[in-house]
Number of protein chains: 2
Amino acid sequence: MTTLPDPVETAAKPRTRDAEATKARILDAAKKEFAKSGMGGARVDVIAEKAKANKRMIYHYFGSKEGLFQTVLENAYVDIRTAEQKLNLDHLEPRDALERLVRFTWAYYLRNPEFITLVNSENLHRAKHLKKSEVVKVYSRKFVSMMDDILSRGVAAGVFRAGIDPVQLNITVAAIGYYYLTNRFTGSIMFERDLMAKDALEERLRFNIDTIMRLVAA
Amino acid sequence: MTTLPDPVETAAKPRTRDAEATKARILDAAKKEFAKSGMGGARVDVIAEKAKANKRMIYHYFGSKEGLFQTVLENAYVDIRTAEQKLNLDHLEPRDALERLVRFTWAYYLRNPEFITLVNSENLHRAKHLKKSEVVKVYSRKFVSMMDDILSRGVAAGVFRAGIDPVQLNITVAAIGYYYLTNRFTGSIMFERDLMAKDALEERLRFNIDTIMRLVAA
DNA sequence: TAAGAAAGTAACCAGTTAGTGCGTTAGGTG
DNA sequence: CACCTAACGCACTAACTGGTTACTTTCTTA
């Protein structure tokens with residue numbers, strides 16, 4: 001050995017303790033791993049490594065792999081529902097509000113591809129983790145009433161037809177974006193085109209807005 | 001010992017050898033297991049047991065777990081595409097043909113829930129198995145041209161508007177059924193209603209037909 | 001009918017994997 | 001500053017899991 005490394009720069013850091021930061025790093029790594037491999041396929045050791053945390057910490061903070069998955073899933077739902085509420089659609093003209101929601105949903109899926117995979121994984125497990133979550137139900141009610149409000153205002157303004165079920169419409173808005181993106185790999189093969197190319201994505205968004213607008217038009 | 005059992009009825013079956021039947025039993029069991037747990041979560045031992053076959057036979061006939069999955073997946077795609085071709089939509093009035101396709105797609109997903117889960121699993125793996133399949137591409141081309149034909153005839157008859165991309169329409173027809181069913185567990189919690197109840201399913205089908213008809217109407 | 005190919009079986013193996021026991025260390029508090 | 005709680009880390013294990021080895025049994029055919 002020749003020179004001792006500068007302790008300030010390369011010392012094996014005394015690693016200041018920070019429970020919240022460690023938790024956050026674990027959740028972030030877990031979200032990525034669960035999204036990449038699903039709840040069953042994700043490896044706890046890999047999550048610990050990517051989080052630069054010890055595996056023991058995962059069990060300390062989240063109890064089990066399933067506990068960790070449940071927290072990740074719950075956070076994901078809270079995140080999208082919170083973002084939706086921030087759109088302030090009630091200040092917009094009904095048609096603009098609806099178009100904005102379609103655009104937001106599409107953009108959210110594109111920017112948060114983990115969301116889709118987490119939801120798929122949860123449905124493979126028959127929603128056993130989500131069932132335990134009370135928060136999600138509260139947020140979902142707000143989500144439905146938001147659409148209900150847009151529809152009512154649209155009908156009153158004479159721009160939407162009456163009798164549309166907000167739940168069915170919500171499902172449809174999600175479906176036309178979600179399906180395209182979750183099945184982008186098999187879809188690109190079947191239709192022999194790159195569904196993720198920039199112009200393909202733009203075309204799909206236009207098509208989706210069109211689909212929803214024609215569906216609700218008076 | 002008193003009486004010898006009737007060999008025809010109760011003999012500890014000499015287990016007549018039948019490669020095709022064994023293969024078929026393995027494929028059937030594999031489809032169910034892969035659908036229930038995904039490609040990663042399914043267990044080869046469980047498949048062998050359910051197929052009443054020896055695990056060694058799986059490796060003999062299909063090489064590996066992935067080889068087995070690929071065959072199951074390929075069969076699933078061929079099955080739905082074949083059933084679609086049998087609909088004979090080219091003899092129907094365009095609007096009837098399209099409605100029939102929407103109804104068929106919905107009914108197929110309902111009667112073959114494994115299909116959806118297999119496709120989801122394949123997309124989690126970025127379609128690495130489907131990429132190797134040449135058959136699927138051939139069938140898919142026929143699928144697209146079928147929709148193309150319906151659209152052209154509809155435009156010519158003045159009942160559909162022009163300029164609709166058959167691929168986008170195909171994706172949308174699949175999406176509005178597929179999403180509802182694959183996310184039926186989380187959906188039932190979020191919307192606080194049983195999405196699989198008989199009347200809920202009927203309502204969704206009606207809504208979907210309506211969505212597609214309004215989308216293509218002139 | 002002898003022989004060999006194909007179908008079928010049981011036991012086994014090496015590598016993983018979720019989960020733990022137990023000891024160490026940082027840092028806030030009395 | 002002594003003490004104690006909570007953060008952190010290492011090394012281990014019991015159960016599993018995809019895949020294989022070595023073998024027996026059945027059927028076909030020359």
Side-chain angles (χ1 to χ4, degrees), chain A residues 7-8 11-73 121-122 124-125 128-129, chain B residues 7-8 11-34 36-73 121 124-125 128-129:
Chain A
V8 176
K13 348 130 203 174
R15 185 66 183 246
T16 51
R17 297 169 168 224
D18 190 337
E20 287 311 307
T22 304
K23 258 191 199 175
R25 285 202 317 281
I26 291 173
L27 283 172
D28 194 58
K31 182 162 79 175
K32 285 173 189 159
E33 275 302 301
F34 282 137
K36 195 203 283 179
S37 316
M39 150 75 196
R43 297 297 159 227
V44 178
D45 293 80
V46 175
I47 293 171
E49 192 188 6
K50 295 236 168 124
K52 282 171 192 164
N54 191 281
K55 185 166 61 151
R56 198 72 190 72
M57 289 295 96
I58 291 178
Y59 289 92
H60 182 242
Y61 290 129
F62 304 101
S64 65
K65 186 184 179 182
E66 297 218 15
L68 177 59
F69 181 79
Q70 194 179 321
T71 307
V72 167
L73 185 77
S121 196
E122 175 65 357
L124 186 64
H125 292 87
K128 63 181 281 203
H129 309 97
Chain B
V8 177
K13 340 98 217 202
R15 183 75 177 210
T16 52
R17 299 174 163 222
D18 190 337
E20 287 312 307
T22 303
K23 259 191 200 176
R25 285 202 316 281
I26 291 173
L27 283 172
D28 194 58
K31 182 162 80 176
K32 285 174 189 161
E33 274 302 300
F34 283 136
K36 194 204 282 181
S37 317
M39 150 74 196
R43 297 297 157 227
V44 178
D45 293 78
V46 174
I47 293 171
E49 193 188 6
K50 293 235 169 124
K52 282 172 192 164
N54 191 280
K55 185 165 60 150
R56 194 65 189 80
M57 289 293 97
I58 291 178
Y59 289 91
H60 183 242
Y61 291 127
F62 304 99
S64 64
K65 185 185 178 182
E66 297 217 13
L68 177 59
F69 181 79
Q70 194 180 321
T71 307
V72 167
L73 186 74
S121 195
L124 186 64
H125 292 87
K128 64 181 280 202
H129 309 97

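Below, read A as the first sequence line, B as the second, and so on, with proteins coming before strands; counting in each chain starts at 1.
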>> Expressed as a whole number of angstroms, how long is the span from Glu20(B):CD to dG8(C):P?
In response: 11 Å
>> In whole Å, I'd like the distance from the CD atom of Glu66(B) to the C1' atom of dT17(D).
In response: 14 Å
>> Minimum heavy-atom separation for Ile47(A) and Ala29(A), please, with both atom names.
In response: O-CB, 3.7 Å
>> I want to confirm an ordering. Mapping His60(A) and Lys55(A) to their closest nucleotides on DNA chain D, which one lands closer to the 5' end?
In response: His60(A)
> Which part of the nucleic acid does Tyr61(A) contact within heavy-atom distance under 4.0 Å: base, sugar-phosphate only, or nothing?
Replying inline: sugar-phosphate
>> Using only modelled atom types and a 3.5 angstrom limit, is any donor from either the side chain of Arg56(A) or the base of dG21(C) paired with an acceptor on the other?
In response: yes
>> Please pick, from dT9(C), dC8(D), dA18(C), the nucleotide with the shortest atom-to-atom distance to any side-chain atom of Met57(A).
In response: dC8(D)
> What heavy-atom pair brings Met57(A) and Ile26(A) nearest, and what distance separates the two atoms?
Replying inline: CB-CD1, 4.1 Å
>> Measure CG/Asp18(A) against C1'/dG28(C) and give the value in whole Å, please.
In response: 14 Å
> Expressed in angstrom and rounded to an integer, what is the separation of Phe69(B) atom CZ from dG18(D) atom P?
Replying inline: 14 Å
> Given atom CD1 of Ile26(A) and atom P of dA7(D), what is their separation to the nearest angstrom?
Replying inline: 11 Å
> Taking atom P of dG19(D) as reference, at what distance in whole Å does atom CG of Asn54(B) sit?
Replying inline: 15 Å
>> Can you measure Ile47(B) atom CD1 to dG18(D) atom P for me and round it to whole angstrom units?
In response: 8 Å
> When all nucleic acid strands are considered with a 4.0 Å heavy-atom cut-off, which category describes Ala42(A): base, sugar-phosphate, or nothing?
Replying inline: sugar-phosphate
> Does Thr22(B) make a side-chain N or O approach to OP1 or OP2 of dG8(C) shorter than 4.0 Å?
Replying inline: yes
> Only one of Glu66(A), Lys128(A), Gln70(A) forms a side chain to side chain contact (heavy atoms under 4.5 Å, CB included) with Met39(A), so which one is it?
Replying inline: Glu66(A)
> How far apart are the closest heavy atoms of Ala48(A) and Asn54(A), and which atoms are they?
Replying inline: CB-C, 4.1 Å
>> Over 60° means perpendicular and under 30° means parallel, so tell me whether Phe69(B) and Phe34(B) are parallel, tilted or perpendicular.
In response: perpendicular
>> Determine whether a donor-acceptor pair (one donor, one acceptor, N or O, separation below 3.5 Å) exists between the side chain of Arg43(A) and the base of dT16(C).
In response: no
> What's the CG-P distance between Asp45(B) and dT20(D), to the nearest Å?
Replying inline: 14 Å
